[in-house]
Amino acid sequence: MLCARPARGFRRLGAEGCGGWDFASVLPYYKRAEDNENGADEYHGTGGPLAVSNIRSAHPLSETFLQPCANAGLPLKSDINRPPQDGIGFLQATQRGGWRCSAARAYLWPARRRSNLRIEIHAHVERIAFTGRRATGVEYVQAGQRQAAKALRAVVLCARALSSPQILMLSGVGPEAHLREKGVAVIQDLPGVGENFHDHPGTSHTVWTRDKTYNVQRGLFPDMFHGARWLLTGRGPGSTPDAHVIGFTRSDPALDRCDIQYHFTPAGYDLTENGPILFDRPATTGLINIHRPRSRGWIRLRSTDPFDQPEIQPNLLGDEGDCETLIRGPRLMRRICDTDPMARQVIGEFKPGRDVQSDDEWRAFVRETAIGFYHPAGSCRMGPDRMAVVDERLKLRGLEGLYVADATIMPIVVGGNLNATCIMIGEKCADMLKQAG
């Protein structure tokens with residue numbers, strides 16, 4: 001799904017003193033990457049590798065959900081990726097003909113036979129190799145064998161918010177005291193590696209409904225029917241993302257921009273440590289997250305074994321203000337579900353449950369159920385200060401030939417989903433590397 005109003009987040013990056021990462025500089029890369037079904041305009045592009053399409057088979061309850069949202073003050077929007085961000089509407093998905101258009105399908109598949117590209121799979125990176133202070137390659141394990149890839153010009157790290165800082169620290173790039181404690185030879189003391197880790201914290205709101213929802217449309221024959229429909233026509237439940245409707249609002253009308261996001265899914269499920277669990281009765285699930293958390297966590301090495309998971313402290317609601325902001329989101333979601341025509345569909349509230357009423361009860365519910373919304377960012381942040389890991393050209397400070405191009409470089413996570421923003425970062429990084437010669 002495309003990130004809603006992506007430029008807003010990068011105005012904040014510019015304000016951090018990163019130079020050039022503002023609305024004017026990043027919008028062309030969003031547009032260049034995109035092949036939007038609705039055509040090109042001021043905010044969208046066509047002809048790019050990443051297919052962006054309208055939902056092909058929206059569930060009737062998704063349409064039912066929109067009207068009470070409008071009654072609650074969220075303007076209905078035909079394009080949620082267009083300023084102003086406030087409002088609600090059907091999302092677009094990175095699909096073509098009902099098939100997922102991932103970054104691999106968009107960029108790697110068309111290039112896989114190029115002579116200057118080699119793709120290795122099932123390869124686990126152990127460390128970045130250095131000659132002096134220049135990155136000269138990557139060492140990895142594949143099929144139990146240690147391998148090495150040499151870099152003539154540069155190494156670009158894009159292992160995401162958890163693994164990028166881990167790989168840097170295993171390579172001797174990170175907080176000096178922590179690396180020495182773990183027995184890692186220090187190449188460059190960068191105290192910000194692994195710091196500033198944050199995510200969009202959120203919770204869920206589930207109601208039981210009269211009409212059937214996707215979570216109960218299961219079994220041998222429904223699965224065969226929906227699967228055949230998807231394969232033959234690219235339509236039906238198999239062609240839709242989990243959320244159908246996306247909305248943005250402000251927890252306080254005095255704020256200068258949105259700070260709460262809604263996802264509406266015509267399926268009942270609960271988020272657990274082992275993944276989503278589908279309910280056995282008709283239900284809809286609304287996910288609510290806050291955009292600009294003040295809480296910050298960290299990532300550190302658990303050991304020097306590259307196959308060992310890093311130590312992670314998300315500190316998700318460490319700042320009390322994040323909890324107070326998040327409380328306002330599910331309260332509005334309840335009001336929406338209690339308003340016609342959605343109210344005529346609702347036959348009970350499973351989560352948070354009608355016993356949650358007072359401020360203290362809402363606060364307890366949020367603290368007991370909040371999770372990160374799979375938008376982790378910031379752990380190798382960009383900036384001009386001592387705690388910054390990369391500069392405005394994404395180059396590691398104090399080193400040569402090493403860059404980071406993923407969500408870790410964000411000083412502040414953007415106000416929306418991260419897929420399109422990460423692709424934009426890759427597009428911009430590629431241009432900067434070409435310009436560097």
Side-chain angles (χ1 to χ4, degrees), residues 12-13 16-18 21 124-140 151 154-199 293-319 372 375-413 422 425 429:
R12 289 297 294 270
L13 283 182
E16 294 284 329
C18 298
W21 287 72
H124 191 96
V125 173
E126 289 193 311
R127 62 185 291 271
I128 298 163
F130 288 90
T131 299
R133 308 184 76 76
R134 172 173 285 279
T136 54
V138 175
E139 297 173 5
Y140 60 96
V155 173
V156 180
L157 180 61
C158 47
R160 301 179 296 178
L162 304 182
S163 295
S164 284
Q166 181 188 23
I167 292 170
L168 288 175
M169 287 186 280
L170 288 171
S171 307
V173 180
E176 182 174 5
H178 175 59
L179 298 185
R180 293 194 185 285
E181 176 191 344
K182 295 298 181 182
V184 178
V186 179
I187 301 292
Q188 176 69 20
D189 176 24
L190 282 177
V193 172
E195 298 297 319
N196 192 51
F197 176 67
H198 57 296
D199 197 342
R294 288 174 282 187
S295 304
R296 293 294 185 272
W298 46 259
I299 297 170
R300 293 172 190 157
L301 293 179
R302 189 180 303 276
S303 74
T304 56
D305 180 356
F307 288 90
D308 198 2
Q309 296 297 320
E311 186 178 356
I312 304 167
Q313 170 50 269
N315 197 28
L316 200 62
L317 294 175
D319 189 297
H375 300 162
S379 50
C380 298
R381 76 169 175 86
M382 176 168 59
D385 58 282
R386 180 174 177 272
M387 292 300 290
V389 177
V390 300
D391 62 19
E392 70 277 3
R393 301 191 68 79
L394 305 185
K395 187 171 79 69
L396 269 287
R397 294 191 170 277
L399 298 170
E400 297 299 325
L402 181 58
Y403 300 80
V404 177
D406 57 25
T408 64
I409 66 102
M410 301 177 188
I412 302 170
V413 65
C422 292
I425 291 169
C429 180

Taking all heavy atoms of [X] and all of [Y], pick out the closest pair and write down the distance.
X	Y	answer
D308	S303	OD2-OG, 2.9 Å
V138	V155	CG2-CG1, 3.9 Å
V390	C380	CG2-O, 3.9 Å
P310	I299	CB-CG2, 3.8 Å
V413	P293	CG1-CD, 4.1 Å
G383	A388	O-CB, 3.2 Å

Is there side-chain contact between [X] and [Y], with heavy atoms separated by less than 4.5 Å?
X	Y	answer
R386	P191	yes
Y403	I409	no
I425	M410	yes
W298	N315	no

Candidate pair K395 and E400, rule side chain to side chain contact (heavy atoms under 4.5 Å, CB included), full reasoning: CA-CA 8 Å; K395 187 171 79 69; E400 297 299 325; 3.8 Å; yes
Step-by-step side chain to side chain contact (heavy atoms under 4.5 Å, CB included) determination, L168 to L396: CA-CA 10 Å; L168 288 175; L396 269 287; 4.3 Å; yes
Ion pair check, R300 and E311, cut-off under 4.0 Å: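 Result for this pair is no, no salt bridge flagged.
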Heavy-atom donor-acceptor pair, [X] side chain to [Y] backbone, under 3.5 Å:
X	Y	answer
H198	G378	no
S379	A161	yes
D199	H375	yes
R296	G318	no

Residue pair V184, M169: steps toward the side chain to side chain contact (heavy atoms under 4.5 Å, CB included) verdict: CA-CA 8 Å; V184 178; M169 287 186 280; over 6 Å; no
Spacing of [X] atom [atom1] and [Y] atom [atom2] [to the nearest 0.5 Å]:
X	Y	atom1	atom2	value
E126	D305	CD	CG	8.5 Å
L402	R397	CG	CZ	13.5 Å
R180	D189	CZ	CG	8.5 Å
T304	R127	OG1	CZ	12.0 Å
L394	L157	CG	CG	11.5 Å
L399	R134	CG	CZ	10.0 Å

Other residues, nucleotides, ligands: >12 heavy atoms within 6.0 Å of Q309 CD: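 It does not: Q309 CD has 12 such atoms or fewer within range.
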Derivation of the side chain to side chain contact (heavy atoms under 4.5 Å, CB included) call for Y140 and H124: CA-CA 5 Å; Y140 60 96; H124 191 96; 5.9 Å; no
